[in-house]
Asker: 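Here it is, the structure in full.
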Amino acid sequence: LESRPQVGTRFELCFPNASDTLPPELLAPSRAPNALAGRPRIYVLDDERDIQQSMSALLRMWEMDPRCATDESEVLALFAAHGPPDLLLVDLRLGAGADGMTLAMRLQQRYGEFAVLVVTGETSSASLNRPRPADWRLLQKPVEAVVLRKAIDGALAAACGRAPAYPAPPPLPAADP
């Protein structure tokens, strides 16, 4: 800490390298196959750019191929340019009142089956208990890296017709608004 009146204050912080503190299974490339490129293509659909950036960085560290979209028009452009993903990681509530789960269902109807994980910061029972396909996991924000990794690997394995590498976690507890 360095501070001088009428000039300002300077803080200097030192943090350990994240790779020094993460468990080895979080540093390894994904074991889930992508039949074409060897790297699972993951579309991240979230209206918050900072979440897109942090998810992308984490997915790249796991040697996955992330592509980000903020809204329906951007995700449609991804599908048009690259086809369906191996997995769609979608926020339940998108900007302007858009519903991520409904959009994901429409995308599957149009482009065929692909794995889906739904992420939400919602806490209401109605939101958390909405009907969804049985293989669509719902992850509560903030999502811990190890939980996200297991969910992604399990969803990709299930989409390839294999048994998930990890058992499904217990359902989220119901919360009232």
Side-chain angles (χ1 to χ4, degrees), residues 25-122 127-128 130-169:
E25 65 270 14
L26 290 183
L27 296 173
S30 175
R31 293 170 288 171
N34 175 324
L36 300 176
R39 294 176 55 159
R41 185 173 53 236
I42 313 289
Y43 293 170
V44 178
L45 177 54
D46 198 298
D47 59 324
E48 296 180 51
R49 296 274 185 206
D50 58 334
I51 291 177
Q52 289 180 11
Q53 291 170 350
S54 61
M55 285 284 193
S56 290
L58 188 59
L59 294 170
R60 280 192 301 276
M61 185 176 80
W62 292 336
E63 297 187 15
M64 298 179 187
D65 181 18
R67 313 276 170 106
C68 295
T70 302
D71 56 27
E72 183 171 355
S73 64
E74 288 182 14
V75 80
L76 286 172
L78 283 176
F79 275 78
H82 307 287
D86 296 300
L87 179 128
L88 176 65
L89 187 59
V90 61
D91 191 3
L92 180 63
R93 297 281 176 235
L94 300 169
D99 183 279
M101 196 175 338
T102 300
L103 178 55
M105 288 178 191
R106 288 198 334 257
L107 290 167
Q108 280 193 335
Q109 289 170 352
R110 182 172 180 180
Y111 292 97
E113 293 293 317
F114 48 85
V116 176
L117 293 176
V118 180
V119 181
T120 187
E122 293 281 324
S127 294
L128 297 177
R130 282 182 50 195
R132 63 184 179 277
D135 57 343
W136 290 19
R137 291 261 318 266
L138 181 68
L139 303 173
Q140 187 74 40
K141 289 181 183 179
V143 182
E144 292 182 27
V146 69
V147 172
L148 179 64
R149 178 61 183 268
K150 288 179 180 182
I152 289 172
D153 284 351
L156 291 172
C160 292
R162 298 189 328 231
Y166 305 98

Asker: Of the non-hydrogen atoms in Leu88 and Phe114, which two are nearest, and what is the gap between them?
Answerer: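 Residues Leu88 and Phe114, closest heavy atoms: CB-CE1, 3.7 Å.
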
Asker: Restricting to non-hydrogen atoms, name the atom on Ser56 and the atom on Pro66 that form the minimum distance, rounded to 0.1 Å.
Answerer: O-CG, 3.7 Å

Asker: Any side-chain to backbone donor/acceptor pair from Gln140 onto Glu122? Under 3.5 Å, distance only.
Answerer: yes

Asker: Sequence neighbours excluded, which residues qualify as salt bridge (charged side-chain N to carboxylate O under 4.0 Å, His left out) partners of Asp99?
Answerer: Arg93, Arg130

Asker: Mind telling me whether Tyr43 and Phe79 have parallel, tilted or perpendicular rings, with 30° and 60° as the class edges?
Answerer: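 Perpendicular.
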
Asker: Atom CG in Leu94, atom CG in Asp46: separation rounded to 0.5 Å?
Answerer: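 Taking CG in Leu94 and CG in Asp46, the distance rounds to 7.0 Å.
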
Asker: Side chain to side chain contact (heavy atoms under 4.5 Å, CB included) with Leu59: which of Leu87, Asp65, Val44?
Answerer: Val44

Asker: Drop me the distance from Leu78's CG to Leu107's CG, to the nearest 0.5 angstrom.
Answerer: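 With rounding to 0.5 Å, CG (Leu78) is 10.0 Å from CG (Leu107).
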
Asker: Using every non-hydrogen atom in the two residues, find where Asp91 and Asp47 come nearest and quote the distance to one decimal.
Answerer: OD2-OD1, 3.6 Å

Asker: Can you name the nearest heavy-atom pair linking Ala155 to Leu117, along with the distance?
Answerer: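 So the minimum-distance heavy-atom pair works out to CB-CD2, 4.2 Å.
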
Asker: Please find the pair of heavy atoms, one from Arg41 and one from Asp86, that lie closest to each other, and give the distance.
Answerer: N-OD2, 2.7 Å

Asker: To the nearest 0.5 Å, tell me how far Asp71 CG sits from Leu76 CG.
Answerer: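 These two atoms lie 9.0 Å from each other.
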
Asker: State the CG-CG distance between Leu103 and Leu92, to the nearest 0.5 angstrom.
Answerer: 11.5 Å

Asker: Is there a side-chain contact between Val90 and Val75 (heavy atoms, below 4.5 Å)?
Answerer: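 No, every pair of side-chain atoms sits at 4.5 Å or beyond.
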
Asker: Quick check for you: to the nearest 0.5 Å, what is the distance between Lys150 atom NZ and Leu139 atom CG?
Answerer: 13.0 Å

Asker: To the nearest 0.5 Å, tell me how far Ile152 CD1 sits from Met55 CE.
Answerer: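 One finds 7.5 Å between CD1 of Ile152 and CE of Met55.
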
Asker: Considering non-hydrogen atoms only, spot the tightest contact between Trp136 and Ala104 and give its length.
Answerer: CH2-CB, 3.6 Å

Asker: Report yes if the side chains of Arg67 and Ile42 come closer than 4.5 Å at any heavy-atom pair, otherwise no.
Answerer: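 No. Closest side-chain heavy atoms not under 4.5 Å.
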
Asker: Tell me whether the count of non-hydrogen atoms from other residues, nucleotides or ligands lying under 6.0 Å of CD in Glu74 goes above 12.
Answerer: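 Yes.
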
